Amino acid sequence: MKFSLDEYVQRELHYAIVDEVDSILIDEARTPLIISGPAEESTDKYYTIDRIIPGLKKDAHFTVDEKARQVILTEEGIEKVERLLNIENLYDPRHIEMLHHVNQGLRAHVLFHRDVDYVVKESQVIIVDEFTGRLMPGRRWSDGLHQAIEAKEKVKIENENQTLATITFQNYFRMYKKLAGMTGTADTEAAEFHAIYKLEVMIMPPNKPMRRTDHADLIYKTEKEKFNAVIREIKEWHEKGRPVLVGTISIDKSERLASLLSKHGVKHHVLNAKHHEKEAEIIAQAGRVGAVTLSTNMAGRGTDIILGGNPEALAAQKAGKDDTTDAYKYAFEAARQLCEEEKKKVIELGGLHIIGTERHESRRIDNQLRGRAGRQGDPGSSRFYLSLEDDLLRIFGSERISSIMDRLGMEEDVPIEHGLVSKAIENAQKKVEAHNFDIRKHLLEYDDVMNQQRVVVYKYRRQILGQEGLKDMVTDFIDDMAEEIGFTYVDEKIHPEEWDVKAIKDAVDKQFDAQLDDKLFEEIQSRDALIDCIADEAKKTYQKKMESVGAESFQHLEKIVMLHTLDTLWKDHLLAMDHLKEGIGLRGYGQKNPLQEYKREGFDLFTDMIFRLKQDVCERLFKVQITREEEVASLEPVKGPQRVVLSRGEENQAQGARGKGQEEKAKPVHVAEKVGRNEPCPCGSGKKYKKCCGK
């Protein structure tokens, strides 16, 4: 997206070593990386749609598919939406955008929940990472979903974005010649690492024997019973002085549990995306006697929980962070003794105890929570509490778990602890992991099509930026466009005397701003000869144009015109490919393979884009007008089809020329072709022309 090679900030991709490799290459890989710019569209439609959503009722007007995370309007729902929006037919092609935003508004209200999927902070909707529980400021959901959630939460709606560049994590990391990484939890994803990245997973043995006890899951009938049991266990260990770390899967659940603990008078710390500034501080002391820490999945990834507490952090709290002062040294010595005494007591009690209040849909996340205890040979234990109302069991647990429960018999407040049930839950998690792998694989298959196109476009772009062989590139473009004119206007079987000479001359004039002499047509006897003749005339015109402007200025002009044309076409092509991908799945109903159809139609779209690139570059380069500096200064329009476009520097230069008077010999300035009001400004600012140099 840069306009000069000097502005490139990334070197050639040789070797990547990725920390927390499972988080980056697996979890994050369900969402492609997108760089976007603002698209100027009205935000009123989001408010309009948001007002009608509360009037729609579940099952009557829409159905929810929680597995696929989709909301589908029923016939009755469609009729009601049409009435509320005063639209005759929601599925009319004219209203296709409105239909899309109604669906996104429904998803925002039904599937996305505050303090679970996002938080509202300083009047902004900020996404919460579903894997780490951390906030992701600056990231936005695409396709109008973020705007729909902003409307739902009654905060300012930001403008929609248009994709300028996109790539999947998989294709980005596969560009490296060598790839490696490390994490504590990769073994469950070994098959995917091999299938996608050709990476082997090697397990390193721990440097000290593992002493953590992992207890079987306890399963309750309702969520209320489960939380009561969790509170009982926390209170029991807290009174004995054993430190407890409690994991929850959302901010909402961690805050509910925190209020229950407060009611029971248990002192605790809460660590979630709302309080992430204190993460290191809270985790440092989570191993002290009687400490109770509530945390989302972010729990101290990258920090060890030291049994007995961290003396450095305690000393810093009392005497400041400067460890050279006497006060700090005195505080540190006192803290060290205290922590050593507490460590002995905690080890006697069995080390840090982990309580999981729900199973995550990925086994690795559960393993990461368990792995906070029993580190470096420390003792520890863990137990997960579940209920039949948990999302994982409700959506993916199938009838199997319920039937096992009925067979074993469930009484209120009495949990089931059985290997069969734990096995069934693990199978449910495997099912979700396989489902998520399918999503990532599907995303990659479609991105592989885009990747081939991306490689071609970025190769063109780098060649233009390096100004290597631009003249050869333009010459090739001229040959291709001359051939296009020949094949469009001349049939081999028709005698040259019957050719439509006027149409051919007009086409050459439009494409190359060149005039074909009538005498030439008397000598030409075949279509191939005509194509050669058009190409020769165009190359002569091109040479004259270059000489009149000066080779150096013309090279700069070539670069700007080519970059501007390529970037505009590529941006539009990305949008077209997005639209194609949205509806391609329906081809399956016609017994066609959607991926093959996407490849075929995507290739046609790309071929068309490359043709338009050649056509537009030739037309723009040949139509450029050269003007004198006085004319630029007075901003008079140039005669002919084009208008001068000034960059900021040229404008200042022009103003200076006007001040000096007109007696100096005017120098030629290089200008670009006429730019539309809504096109990107050629000065490279990234703004629209009407808002930049076109003001």
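Predicted, not measured: the structure shown is a model, and the values here were computed from it. Any value given below was found using the heavy atoms of this structure, including those in side chains, with hydrogens, waters and symmetry copies removed.
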Should we say atom [atom1] of [X] is surrounded by more than 12 heavy atoms from elsewhere, each under 6.0 Å from it?
X: R139; atom1: CZ; value: no
X: Q452; atom1: CD; value: no
X: K441; atom1: NZ; value: no
X: K154; atom1: NZ; value: yes

Specify the closest pair of heavy atoms between [X] and [Y], including all atoms of both residues, with the distance to one decimal.
X: T48; Y: L85; value: CG2-CD2, 4.0 Å
X: Q429; Y: H360; value: NE2-O, 2.8 Å
X: M450; Y: W570; value: CE-CH2, 3.9 Å
X: A29; Y: L443; value: O-CD2, 3.4 Å
X: K221; Y: E225; value: N-OE1, 3.8 Å
X: T357; Y: T248; value: OG1-CA, 3.4 Å

Between L257 and I231, is a side-chain contact (heavy atoms from CB on, under 4.5 Å) present by the stated rule, with each step listed? CA-CA 8 Å; L257 203 54; I231 298 290; 4.0 Å; yes
Worked verdict on T222 versus E389 for side chain to side chain donor-acceptor pair (under 3.5 Å): CA-CA 6 Å; T222 66; E389 292 176 354; 5.1 Å; no
Measure the shortest side-chain to side-chain distance between [X] and [Y] over non-hydrogen atoms and say whether it is less than 4.5 angstrom.
X: Q124; Y: K156; value: no
X: F62; Y: I72; value: no
X: M577; Y: Q453; value: yes
X: I78; Y: H61; value: no
X: T31; Y: F169; value: no
X: L566; Y: V457; value: yes
X: R107; Y: L145; value: yes
X: H268; Y: V246; value: no

Supply the atom-to-atom distance [X] [atom1] to [Y] [atom2], rounded to the nearest 0.5 angstrom.
X: K58; Y: L106; atom1: NZ; atom2: CG; result: 12.0 Å
X: L444; Y: I196; atom1: CG; atom2: CD1; result: 5.0 Å
X: F193; Y: T188; atom1: CZ; atom2: OG1; result: 8.5 Å
X: D50; Y: H101; atom1: CG; atom2: NE2; result: 13.5 Å
X: L369; Y: I249; atom1: CG; atom2: CD1; result: 11.5 Å
X: L99; Y: I87; atom1: CG; atom2: CD1; result: 9.0 Å

Quick one: do [X] and [Y] make a salt bridge, cutoff under 4.0 Å?
X: E150; Y: R140; value: yes
X: R454; Y: D447; value: yes
X: D252; Y: R114; value: no
X: R383; Y: D217; value: no

The test is side-chain contact (heavy atoms from CB on, under 4.5 Å); show your working for V81 and M98 and say whether it passes. CA-CA 10 Å; V81 168; M98 191 62 88; over 6 Å; no
Within the side chain of [X], is there an N or O that forms a donor-acceptor pair under 3.5 Å with the backbone of [Y]?
X: T568; Y: H564; answer: yes
X: H435; Y: K431; answer: no
X: R359; Y: E426; answer: no
X: K152; Y: F112; answer: yes
X: D390; Y: L392; answer: no

Could you go through the side-chain contact (heavy atoms from CB on, under 4.5 Å) check for I425 and F384 one step at a time? CA-CA 11 Å; I425 288 161; F384 276 83; over 6 Å; no
Parallel, tilted or perpendicular, as decided by the 30° and 60° cut-offs, for the rings of H146 and W141: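 Correct class here is tilted.
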Could you walk me through whether L605 and L580 satisfy the side-chain contact (heavy atoms from CB on, under 4.5 Å) test, starting with their C-alpha distance in whole Å, then the side-chain angles of each, then the deciding distance to 0.1 Å, before giving a yes or no? CA-CA 10 Å; L605 282 172; L580 173 65; 4.1 Å; yes
Does the pair T185 and N367 meet the rule for a side chain to side chain donor-acceptor pair (under 3.5 Å), with working shown? CA-CA 7 Å; T185 47; N367 291 341; over 6 Å; no
Hey, could you give me each pair passing side-chain hydrogen bond (donor to acceptor under 3.5 Å, both in side chains) that has a residue in residues 70-85? Not counting sequence neighbours.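 Every pair satisfying side-chain hydrogen bond (donor to acceptor under 3.5 Å, both in side chains) with a residue in residues 70-85: there are none.
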Could R174 and Y197 be counted as a cation-pi pair, given that NZ or CZ must be under 6.0 Å from the ring centre and within 45° of the axis?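 Output no; distance or angle outside limits.
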Please identify which of these residues, K430, R363, R364, meets the salt bridge (Lys or Arg N to Asp or Glu O under 4.0 Å) condition with E189.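 Single salt bridge (Lys or Arg N to Asp or Glu O under 4.0 Å) partner of E189 among K430, R363, R364: R364.
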So, applying side-chain hydrogen bond (donor to acceptor under 3.5 Å, both in side chains) with T565, which one of E619, R612, Q615, R620 is it?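 Exactly one candidate clears the test, R620.
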Do any pairs count as a ring-ring contact (aromatic ring centres under 6.0 Å, His included) and have a residue in residues 582-609, sequence neighbours left out, and if so which ones?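 Sorted pair list: Y446-Y598, H573-F606.
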Would you sort out whether K253 and E223 count as a salt bridge (charged side-chain N to carboxylate O under 4.0 Å, His left out), showing the intermediate values? CA-CA 11 Å; K253 296 269 168 77; E223 192 171 63; 3.4 Å; yes
Residue among V119, D115, D117 satisfying side chain to side chain contact (heavy atoms under 4.5 Å, CB included) with V128: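 Per the side chain to side chain contact (heavy atoms under 4.5 Å, CB included) rule, the option paired with V128 is V119, out of V119, D115, D117.
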